[in-house]
Asker: 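First the structure, which I've put down as structure tokens, then a few questions once you've had a look.
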Amino acid sequence: MIHSASKYLAGHTDVIAGLVVVNSKPLADQLKFNQNISGSILSPFEAWLTIRGIETLSLRLEKQCANAMAIANWLSEHPAVDKVFYPGLATHKNHHIARKQQKSYGGMISFSLKDDLIKNAIRIVNATKLFKLAESFGGVKSLLAHPVTMTHRNIPEDFRRKAGLQDSCIRLSIGIEDAEDLINDLKQALDKLNQPIGKQITVLQ
């Protein structure tokens, strides 16, 4: 099993770390040998930051999951939103599986707009105040990203469409802030869609 410790385990967006967990001693010995000869280890400070994060993992996840559920429910009722992708919603195609396997449903949400245009998504991600525009996830601070112009911009359009990635899709990583504050931030950003553009929209490249 491979973990990105930079995300939820460390949880504060201040560490670059990863780990591999195996149940085979020969494989573990080989990995340890490769790690030793390549020098791929954490500094003591990064190791301490990761341990510090793990100590609060359950508390952070509890808050992040609760926030995400509240935000997903709110987004699903917003008139400008087309689809909300979150396994905690009954409308999610795999909700029945998630309900059997999970106590809660995670801190990641994606949603698309009824007016499925790149410019609309860019307008929203440039308008949020609490949500910061970044490609990472899993930290205590809420982030958002626009995959088509960020993480997936080098994927050909026809491939993106076959995979179901809409031009207006926005990804949210929910943090531990107050849920009502986060909802209000998304509300004022979505309200910008009904207002005239007062200045040039920043295109993410």
Side-chain angles (χ1 to χ4, degrees), residues 1-73 83-111 131-132 134-145 147 150-156 159-160 162-165 169-177 179:
M1 184 178 294
I2 299 174
H3 290 278
S4 173
S6 308
K7 312 303 183 187
Y8 283 101
L9 290 180
H12 292 75
T13 324
D14 54 9
V15 172
I16 297 177
L19 62 143
V20 179
V21 181
V22 298
N23 61 0
S24 164
K25 189 175 187 310
L27 180 56
D29 290 341
Q30 183 63 51
L31 287 170
K32 185 176 181 180
F33 173 78
N34 291 340
Q35 182 184 46
N36 184 57
I37 62 174
S38 65
S40 57
I41 61 171
L42 291 178
S43 70
F45 183 61
E46 287 175 315
W48 177 81
L49 287 174
T50 304
I51 292 170
R52 177 205 62 178
I54 292 172
E55 289 173 345
T56 61
L57 177 62
S58 62
L59 291 172
R60 287 185 285 108
L61 276 175
E62 184 177 346
K63 177 62 172 173
Q64 287 168 300
C65 292
N67 281 352
M69 191 74 247
I71 292 168
N73 280 321
K83 299 174 184 174
V84 180
F85 302 94
Y86 186 67
L89 295 177
T91 53
H92 192 280
K93 66 177 182 179
N94 292 322
H95 174 71
H96 64 290
I97 298 174
R99 192 176 61 221
K100 292 178 181 178
Q101 295 179 345
Q102 299 170 220
K103 178 181 178 181
S104 51
Y105 301 102
M108 300 298 299
I109 305 170
S110 293
F111 69 96
F131 283 90
K132 301 304 180 185
E135 293 182 359
S136 189
F137 62 88
V140 293
K141 295 181 180 179
S142 294
L143 307 175
L144 81 172
M150 295 174 71
T151 54
H152 293 62
R153 72 173 190 171
N154 291 323
I155 298 176
F159 278 68
R160 294 199 309 262
K162 286 179 182 177
L165 177 57
C169 181
I170 295 171
R171 188 187 76 177
L172 305 177
S173 172
I174 307 302
I176 64 171
E177 303 93 339

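Note that the coordinates shown come from a computational prediction; the quantities given were computed from them, not determined experimentally.
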Asker: Count the heavy atoms belonging to other residues, nucleotides or ligands that lie under 6.0 Å from CG of L57, then report whether that count exceeds 12.
Answerer: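 More than 12 within 6.0 Å, yes.
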Asker: Partners of S173 by side-chain hydrogen bond (donor to acceptor under 3.5 Å, both in side chains), sequence neighbours excluded?
Answerer: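 Checked S173 against side-chain hydrogen bond (donor to acceptor under 3.5 Å, both in side chains); zero matches.
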Asker: Tell me every residue that passes ring pair (Phe, Tyr, Trp, His ring centres under 6.0 Å) with H95, counting only those two or more places apart in sequence or in another chain.
Answerer: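 Ring pair (Phe, Tyr, Trp, His ring centres under 6.0 Å) list for H95, sorted by chain: Y105.
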Asker: How far apart are the closest heavy atoms of E177 and N67, and which atoms are they?
Answerer: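 Minimum heavy-atom contact is O-ND2, 2.7 Å.
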Asker: Apply side-chain hydrogen bond (donor to acceptor under 3.5 Å, both in side chains) to R160 and list each qualifying residue two or more places apart in sequence or on a separate chain.
Answerer: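 Per chain and number, R160 pairs via side-chain hydrogen bond (donor to acceptor under 3.5 Å, both in side chains) with no residue.
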Asker: Kindly state each residue pair satisfying salt bridge (Lys or Arg N to Asp or Glu O under 4.0 Å) with at least one member in residues 59-68, sequence neighbours excluded.
Answerer: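 Residue pairs with at least one partner in residues 59-68: there are none.
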Asker: Side-chain donor-acceptor pairs under 3.5 Å in residues 13-33, sequence neighbours left out?
Answerer:
from : atom 1 : to  : atom 2 : distance (Å)
D14  : OD2    : R52 : NH2    : 3.1
S24  : OG     : L27 : N      : 3.4
K25  : NZ     : D29 : OD1    : 3.4
K25  : NZ     : D29 : OD2    : 2.9
Q30  : NE2    : N34 : OD1    : 3.1

Asker: If you take all heavy atoms of S142 and G175, which pair is closest and at what distance?
Answerer: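 Residues S142 and G175, closest heavy atoms: OG-N, 2.8 Å.
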Asker: Applying salt bridge (Lys or Arg N to Asp or Glu O under 4.0 Å), name anything that partners R99, two or more places apart in sequence or on another chain.
Answerer: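 Expected list: none.
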Asker: Sequence neighbours left out, what passes side-chain hydrogen bond (donor to acceptor under 3.5 Å, both in side chains) with S4? Give chain and number order.
Answerer: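 By the side-chain hydrogen bond (donor to acceptor under 3.5 Å, both in side chains) rule, S4 matches no residue at all.
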Asker: Nearest 0.5 Å please: distance from the CD1 atom of I174 over to the CE atom of M69.
Answerer: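 So the CD1 of I174 and the CE of M69 are separated by 11.5 Å.
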Asker: Name all residues meeting the side chain to side chain contact (heavy atoms under 4.5 Å, CB included) criterion together with S104; count only those two or more places apart in sequence or in a different chain, and write none if there are none.
Answerer: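 S104: side chain to side chain contact (heavy atoms under 4.5 Å, CB included) contacts with C65.
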Asker: Can you list everything that forms a ring pair (Phe, Tyr, Trp, His ring centres under 6.0 Å) with Y8? Sequence neighbours excluded, please.
Answerer: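 If we apply the ring pair (Phe, Tyr, Trp, His ring centres under 6.0 Å) test to Y8, skipping adjacent residues, there are no hits.
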Asker: Counting only heavy atoms not in I37 (residues, nucleotides, ligands), do more than 12 fall under 6.0 Å from its CD1?
Answerer: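 Buried by this count: over 12 neighbours within 6.0 Å.
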Asker: Which atoms form the tightest heavy-atom contact between S136 and L143, and what is the distance?
Answerer: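 So the minimum-distance heavy-atom pair works out to O-CD1, 3.4 Å.
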Asker: Would you find a donor on one side and an acceptor on the other, under 3.5 Å apart, between the side chain of H3 and the backbone of A5?
Answerer: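 No, the answer is negative, given that no donor and acceptor are paired below the 3.5 Å cut-off.
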Asker: What residues form a side chain to side chain contact (heavy atoms under 4.5 Å, CB included) with P156, not counting sequence neighbours?
Answerer: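 P156 satisfies side chain to side chain contact (heavy atoms under 4.5 Å, CB included) with D158, F159 once adjacent residues are dropped.
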Asker: Given side chains that start at C-beta, do those of K103 and L61 come closer than 4.5 Å, heavy atoms only?
Answerer: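 With C-beta onward as the side chain, the pair stays apart.
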Asker: For A72, what residues pass the side chain to side chain contact (heavy atoms under 4.5 Å, CB included) criterion, not counting sequence neighbours?
Answerer: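 Once residues adjacent in sequence are excluded, the partners of A72 under the side chain to side chain contact (heavy atoms under 4.5 Å, CB included) criterion are V84, Y86, L89, I109.
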Asker: Can you name the nearest heavy-atom pair linking T56 to H12, along with the distance?
Answerer: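 The answer is OG1-CE1, 4.2 Å.
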Asker: Between C169 and P147, what is the shortest heavy-atom contact and its length?
Answerer: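 Looks like O-CD, 3.2 Å.
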Asker: Looking at residues at least two apart in the chain, or sitting in another chain, which of them share a side chain to side chain contact (heavy atoms under 4.5 Å, CB included) with S38?
Answerer: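 S38: side chain to side chain contact (heavy atoms under 4.5 Å, CB included) contacts with S40.
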Asker: Using 0.5 Å steps for rounding, measure from the CD atom of E55 to the OG1 atom of T50.
Answerer: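 Reported to 0.5 Å precision, the distance equals 11.0 Å.
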Asker: Output the distance between atom CD1 (I170) and atom OG (S110), rounded to the nearest 0.5 Å.
Answerer: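 Between atom CD1 of I170 and atom OG of S110 there are 9.5 Å.
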Asker: Can you measure from CH2 (W48) to OG (S43) and round to the nearest 0.5 angstrom?
Answerer: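 Going from CH2 on W48 over to OG on S43, the span is 11.5 Å.
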